[in-house]
Number of protein chains: 2
Amino acid sequence: MITRDSGPQPADFADVRATNLAVVLRHLRSHAPCSRADIAATTGLNKATVSSLVTDLIDRRLVREVGMTENRIGRPAMMLVLDGSPYAAVGLEINTDYLTAVALDLAGERLLSWRRAFTGTPGQPGQAIASLAALARRAVAKLERENRQVLGLTVAVPALVDADGIVELAAGLGWHQVDLRKSLTAALGDPPYPLMVENDANLAVLAEQRLGDEAGTSDLVYLTGGSSLRAGIICDGRLLRGARGFAGEFGHLPLDPAGPPCGCGRRGCLEAYAGLDAVIRQALPDAALSPSEFGPHVDEIHRLAKAGDAQVLAALTEVGRRLGHGISMLANLINPACVTLGGYFTVLAPWLIPPATAELESRSVAAQCGGTRIVASALDSSAAAAGGATRVLDAIDAGVLPPPQGAPAAR
Amino acid sequence: MITRDSGPQPADFADVRATNLAVVLRHLRSHAPCSRADIAATTGLNKATVSSLVTDLIDRRLVREVGMTENRIGRPAMMLVLDGSPYAAVGLEINTDYLTAVALDLAGERLLSWRRAFTGTPGQPGQAIASLAALARRAVAKLERENRQVLGLTVAVPALVDADGIVELAAGLGWHQVDLRKSLTAALGDPPYPLMVENDANLAVLAEQRLGDEAGTSDLVYLTGGSSLRAGIICDGRLLRGARGFAGEFGHLPLDPAGPPCGCGRRGCLEAYAGLDAVIRQALPDAALSPSEFGPHVDEIHRLAKAGDAQVLAALTEVGRRLGHGISMLANLINPACVTLGGYFTVLAPWLIPPATAELESRSVAAQCGGTRIVASALDSSAAAAGGATRVLDAIDAGVLPPPQGAPAAR
DNA sequence: ATCTTTAGTTGGGACGGTAAACGAACTAAT
DNA sequence: ATTAGTTCGTTTACCGTCCCAACTAAAGAT
């Protein structure tokens, strides 16, 4: 069994080696600290092979020896851990009102977590890209001052993004057909690390799978909860992108042909019931709707819900029901083990999850024999950016390793 | 790049060999007849390696030499093809009113295609299993008389089937929690080939991907069109099963909370609009609904549609619209390149596809930049059974090969 | 002091892919 | 008929990786 993807490509020894290096690395990520003998026993690799692999990983500065076990019969074991210090993975997020940067080391420790306000001009991506590039440069500079090599950088965008990193349609940002990957690569002066662009929901679900409460679950969905609703979907351990990379358009599931109008021009979309704008409109009918005020509005709704305000509770119950209706479609079609609620859903989860779960159970075929759980995300609003960094680490875990010494990185 | 799945398992030489054998086999499946030199040039494998692999495959009787090329500059090449004759893959289907058996040889040629009427007693799976086992024995016996070795047998069931081959819930058959795999294995006296049980839609989409018009598409959906509607979903080349194996419950997508009652006890399910029962009820209001009469009813609807009967055309347009509505959910969540319509949908496709496509385009976000096509399946009602056989061949293509000579098969 | 237990290394063997050289078998040109 | 050129497939030597078994190393147990 070998790590990399199937395909018409033949295999050779390099693939075997890469696979086994990745096996050791992944084992060490989840079981550190442990000894060479542990790894051999658990993975089934030969002791000699493990020694060779570990030597290789130490040469690449991915693994470090941390000291001997004591007080045991037999020779003490040399314990190994992932070596966080020499590398960093960077994730950025651009959204309508903020930019976020997150960096993780190899062991998943958070190295930085920045957030800055931002207001883009719709239809003018150039300015946004310049701001994003400035943030990226600052983050990379800080990491390099700590003598870390940046392994990769991924940008999360609230948009349909195709496989080549082209932003097809970002309603919130007012972008259409923007080749963000190319522009940002140019703005950063052709950096030596790989730079990727991805849908925010897809990255958030990667973060959820690695860093969240549901870490390790192989069939998982993350729902962004903002003005627009998107689903990041992991099936059988892999991100589901669809033929053109446009899977997960959760917000425009049509719930009721006679429902309220949606920003997309249709009626009765889920987003028209459970998108952030709709929620504020229902829970706080007197509030003015301006994007920069979303945070305070959500806080206000949260406060009123805790205080037992009848109108707010009714509105949240209704939103929860609609959400459950939408999730029932996910459950019927995709049957995930768990749906995690992100964005504003997270804070309001205590009032949303019970009605959503009730609705889901009444609507899904498999409810009795293997239902889908709905839970609040344990990650904060930096989930998508953290997912961007996670995606870089996933590539490492899949066997694309940095070279042993200062040799030029394979791209 | 290696064929088999990722996972915690380490790789060794056997995996390299299996991967490369599978590479040659798959190349030969799609490019036969061709020479060793062709294979080496196309796959990137070394000529010497290809020779070794081909020798191995010939020893296993999977490949055969068929003669030399002529009239070309240079030494004539020995052409190779998949050797169909020594092996067979069997697929069975059980449904409410019939049993089907299909066998394919290694090259995908149909060796047999049987269909027999059958009426099971709901809640009494034992009798159905006996009939299925009898059919299987007859098919296997015929293949063995032709000196073929059976590589595997897969049973298609119109039901929720979990990963272990247990039928959790088969509404049409009236089954609940039936361990079909175990029962059938026992009824066949522990056969030497692997026996698997799978959802009919999942197998049909496998058949569609290998044998249908859309062969090779890596993001594909097949919709069963019968009394119940299920979707077989292939994403990124792999079957989507979900956490418990219950993905693809297309028929119970909730379209309209105020819709007509569905057999599942809820209201407004897609099945209540576009399931076969509903279609017959709408198009032929005077017809009596009895399962054994479905075929004639569909033929009658087809005849009337061709004749331009207004009521039937209106009913089919409405069904097409509902179908498009359901497919829009698939498209929004999964973004397949293509949805193929099976079952009764296939015959009536000329009247269903235009309204369905119109509805889909008006409802899906990605319609403009990456829309999903809706097409009629090119396969007949034996699609699921053919998919069962296909699944066995998929295992071969993935590198699980029969041993060189009469040695005991690895299970 | 010796035995037992466990950790990790070493050397040999097997296996499989790679590269280059080679013979075989054909066509094309002389 | 002879020679040159082309292509096919095998042969040979080589190299990298994994496995196995034997070994050394370092601790506690007796």
Side-chain angles (χ1 to χ4, degrees), chain A residues 1-4 9-24 28 31 33-59 63 65-80 399 401 404, chain B residues 1-4 9-24 27-28 31 33-59 63-80 399 401 404:
Chain A
M1 303 298 170
I2 295 200
T3 297
R4 313 227 196 137
Q9 282 84 3
D12 64 8
F13 298 115
D15 296 304
V16 174
R17 188 67 171 178
T19 299
N20 289 341
L21 285 167
V23 166
V24 172
L28 225 36
H31 296 84
C34 63
S35 68
R36 292 168 174 81
D38 291 338
I39 297 171
T42 314
T43 62
L45 286 161
N46 190 275
K47 280 199 301 174
T49 307
V50 171
S51 276
S52 157
L53 293 166
V54 166
T55 303
D56 203 341
L57 292 171
I58 289 174
D59 286 348
V63 166
E65 298 184 326
V66 288
M68 316 287 274
T69 52
E70 285 167 28
N71 299 326
R72 288 196 342 201
I73 301 179
R75 173 176 166 179
M78 175 60 75
M79 302 310 274
L80 305 167
L401 304 184
Chain B
M1 301 299 169
I2 295 200
T3 296
R4 313 231 193 133
Q9 281 85 2
D12 64 7
F13 301 115
D15 296 305
V16 174
R17 190 66 173 178
T19 299
N20 290 341
L21 286 167
V23 165
V24 172
H27 181 84
L28 226 35
H31 296 84
C34 64
S35 69
R36 292 168 174 81
D38 291 339
I39 296 172
T42 314
T43 62
L45 284 161
N46 191 279
K47 282 198 299 176
T49 307
V50 171
S51 276
S52 157
L53 293 167
V54 167
T55 303
D56 204 339
L57 291 172
I58 289 175
D59 285 348
V63 166
R64 200 161 33 99
E65 300 182 326
V66 288
M68 316 288 275
T69 52
E70 287 167 28
N71 300 325
R72 288 195 343 201
I73 301 180
R75 172 177 165 180
M78 176 59 75
M79 302 310 274
L80 305 168
L401 305 184

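In the text below, chain A, chain B and the rest are named by the order of the sequence lines, each starting its count at 1.
Going from atom CG of A:Asp38 over to atom C1' of C:dT6 covers 11 Å, rounded to whole Å. B:Asp15 has its CG atom 21 Å from the P atom of C:dA14, to the nearest Å. Regarding A:Glu65, its CD atom lies at a distance of 15 Å from the P atom of C:dA7, rounded to whole Å. Rounded to an integer number of Å, the gap from CD1 of B:Ile58 to P of D:dG9 is 10 Å. Atom CE in B:Met78 sits about 21 Å away from atom P in C:dG23, given to the nearest Å. Atoms CG (B:Asp12) and P (D:dC18) sit 9 Å apart, rounded to a whole Å. Protein atom NZ of A:Lys47 is 16 Å distant from nucleotide atom P of C:dG11, rounded to whole Å.
A sub-4.0 Å separation between OP1 or OP2 of C:dG17 and a side-chain N or O of B:Asn20 is present. Phosphate contact (OP1/OP2 of D:dT17, side-chain N/O of A:Ser52, threshold under 4.0 Å): absent. The phosphate of D:dC20 has OP1 or OP2 within less than 4.0 Å of a side-chain N or O from A:Asn46.
For A:Leu53, counting side-chain heavy atoms from C-beta on, the closest listed nucleotide (C:dG17, D:dC18, D:dT11) is D:dC18. Of the candidates D:dG5, C:dG17, C:dA19, the closest approach to any side-chain atom of B:Ile73 belongs to D:dG5. The listed nucleotides are C:dG17, C:dT18, C:dA7; the one nearest the side chain of A:Ala37 is C:dA7. Among the nucleotides C:dT10, D:dT17, C:dT18, the one closest to any side-chain atom of A:Ala48 is C:dT10. Side chain of A:Ser51, nearest nucleotide from C:dT9, D:dC18, D:dG9: C:dT9. You'll find that the side chain of B:Arg36 is closest to D:dG9, out of D:dG9, D:dC19, C:dG16. When distances are taken from the side chain of A:Phe13 to each of D:dA27, D:dT17, D:dG5, the shortest belongs to D:dT17.
Scanning all heavy atoms of the two residues, the minimum distance from A:Asp38 to A:Cys34 falls at OD2-CB, 3.4 Å.
Remark: the B:Arg75 side chain and the C:dC26 base include no donor-acceptor N/O pair separated by less than 3.5 Å.
A 4.5 Å side-chain heavy-atom check between B:Leu80 and B:Glu65 finds at least one atom pair inside the cut-off. Looking only at side-chain heavy atoms (C-beta outward), B:Val24 and B:Asp56 stay at 4.5 Å or farther from each other.
Separation of atoms OG1 (A:Thr42) and NE2 (A:His31) is listed at 6.5 Å; rounding is to 0.5 Å.
Contacts of B:Thr49 with the nucleic acid, taken as non-hydrogen atoms under 4.0 Å apart, include base atoms.
Position along DNA chain D of the nearest nucleotide to A:Met68 versus A:Leu21 favours A:Leu21 as the more 5'-ward residue.
The side chain to side chain contact (heavy atoms under 4.5 Å, CB included) test with B:Pro33 is passed by exactly one of B:Met78, B:Met79, B:Arg64: B:Met79.
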